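Quick one: the structure is below, questions incoming.
Because the structure is predicted, anything quoted here is derived from the model rather than measured. Whatever order the structure lists them in is the order used to number ligands and atoms, beginning at 1.
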Amino acid sequence: MNTLVDEIVSDLIVRAAPVCFGVSGGKDSTAAAISTMRYLDQVGHKGPRLLIHSHLGRVEWQESLPMCERLATHLGLELVVVQRQAGDMMDRWLTRWSRNVDRYVNLSCVKLILPWSTPSMRFCTSELKSAVICRELVHRFPGQTILSVAGIRREESSQRAKAPISKPQPRLSSVSHRTAGFDWHPILDWSLSDVLGFHKDVDFPLHEAYGTYGTSRVSCVFCILGSRNDLAAATGCYDNHAIYCEMVQLEAASTFSFQDAGWLGDVAPHLLDQSTRDALLCAKAAAKRREAAEGRIPKHLLYTKGWPTVMPTQSEAELLADVRLEVASAVGLALKFTKPSEIIGRYQELMDASAGRAA
Ligand code: SF4
């Protein structure tokens with residue numbers, strides 16, 4: 001199996017750039033770190049190297065950090081553990097939900113917005129992983145160009161199939177710290193069997209999530225991109241039951257399923273207490289009412305980048321009032337701006353504010 005290198009990476013290795021391996025405890029980041037360390041030794045890289053792990057809090061497999069520590073010992077490298085200062089992944093979803101409710105109550109958005117990240121809006125990865133990791137690396141290596149290694153593989157997804165060997169990482173660029181940096185993907189061409197075979201060859205154990213519980217990926221225990229099989233497999237681990245219940249409670253409170261494909265609460269309902277099961281049942285019915293009501297809103301009344309672009313007519317304001325009352329009743333919210341005249345006034349206020357900003 002090759003370590004993929006391009007001209008930019010080769011040049012930085014010769015110039016002794018810091019090489020930092022982002023590790024999750026999973027098989028791909030482990031394979032990337034071990035194989036790339038060997039490559040760097042072979043070509044005589046003289047720069048600093050370290051492992052860096054972004055801890056996702058209670059959504060993380062409990063075995064992940066010990067696996068990263070084991071890898072650090074195996075490679076003789078420092079392991080830097082970072083985490084989001086404002087709370088973990090679950091806190092982020094909870095806070096987002098409470099802010100989205102406020103926005104809806106105040107008609108700062110026209111449709112109620114879900115608490116979860118989605119495949120097209122992966123703030124979970126960008127805020128909880130890359131932003132936190134890059135911030136730490138920028139502080140650690142002022143004045144340098146940093147190589148940040150990620151163990152992604154082309155066969156994992158159509159998006160990853162198009163990934164280059166290296167690309168500039170804007171979050172590693174800092175004017176004040178005089179840094180720049182690149183993401184480096186040295187095992188892009190590896191297959192799953194390459195990765196598994198490599199673990200055997202180097203005699204490094206796999207995370208228990210694969211062997212003991214049968215998941216195909218390790219990162220968040222319950223991932224917005226996870227297959228139903230992986231979600232179910234994760235519930236097989238006792239350590240994950242508390243976060244499972246907490247996430248289902250957010251599904252129930254928000255009336256938004258964790259994934260488009262289905263409700264997390266349906267994956268292992270036997271782990272939920274009766275009141276959560278009942279709340280989930282109500283949430284599913286409420287979600288249908290919410291979706292049906294919001295499906296009546298004409299597109300032009302939705303905001304663009306958070307601002308209205310047209311004033312509703314009297315009949316449109318009456319429709320919006322109906323929709324808001326139906327959503328409030330389905331989800332259990334106490335709203336402002338529920339009368340047509342209040343809605344027109346609020347649109348006007350936001351239109352004026354938007355014009356003021358533009359001016
Ligand atoms: S593992 Fe899934 S849920 Fe967790 S940060 Fe990555 S994409 Fe988001």
Handout entry: Test item, K129 contacting ligand 1 (heavy atom, 4.0 angstrom)
Key =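 Distance cut 4.0 Å: K129 passes for ligand 1.
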
Practice task
Scan residues 250-292 for pairs that pass ring-ring contact (aromatic ring centres under 6.0 Å, His included), counting only residues two or more places apart or in two chains.
Solution key: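 Applying ring-ring contact (aromatic ring centres under 6.0 Å, His included) to every pair that reaches into residues 250-292, excluding sequence neighbours, yields W93-F258, W116-F258.
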
Exercise for the section: Please answer whether the main-chain N or O of G226 pairs with a side-chain N or O of Q259 as donor and acceptor at a distance below 3.5 Å. Expected result: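 Between the backbone of G226 and the side chain of Q259 there is a qualifying donor-acceptor contact (under 3.5 Å).
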
Problem - D28/R160 ion pair, N-O < 4.0 Å - result: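 Salt bridge flag = no for R160 with D28.
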
Handout entry: Presence of salt bridge, E342 and R346, under 4.0 angstrom
Key =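 Answer for the salt bridge query: no.
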
Exercise for the section: For H300 and T309, test the side chains for any donor-to-acceptor distance below 3.5 angstrom and give the result as yes or no. Expected result: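 The answer is no; no qualifying pair exists.
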
Exercise for the section: Quick one: name the protein N/O/S atoms under 2.8 Å from atom 8 (Fe) of ligand 1, chain by chain. Expected result: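 N, O, S partners closer than 2.8 Å: C124 SG.
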
Exercise for the section: State yes or no: are the ring centers of H241 and Y238 separated by less than 6.0 Å? Expected result: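 Distance test on ring centres: under 6.0 Å, yes.
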
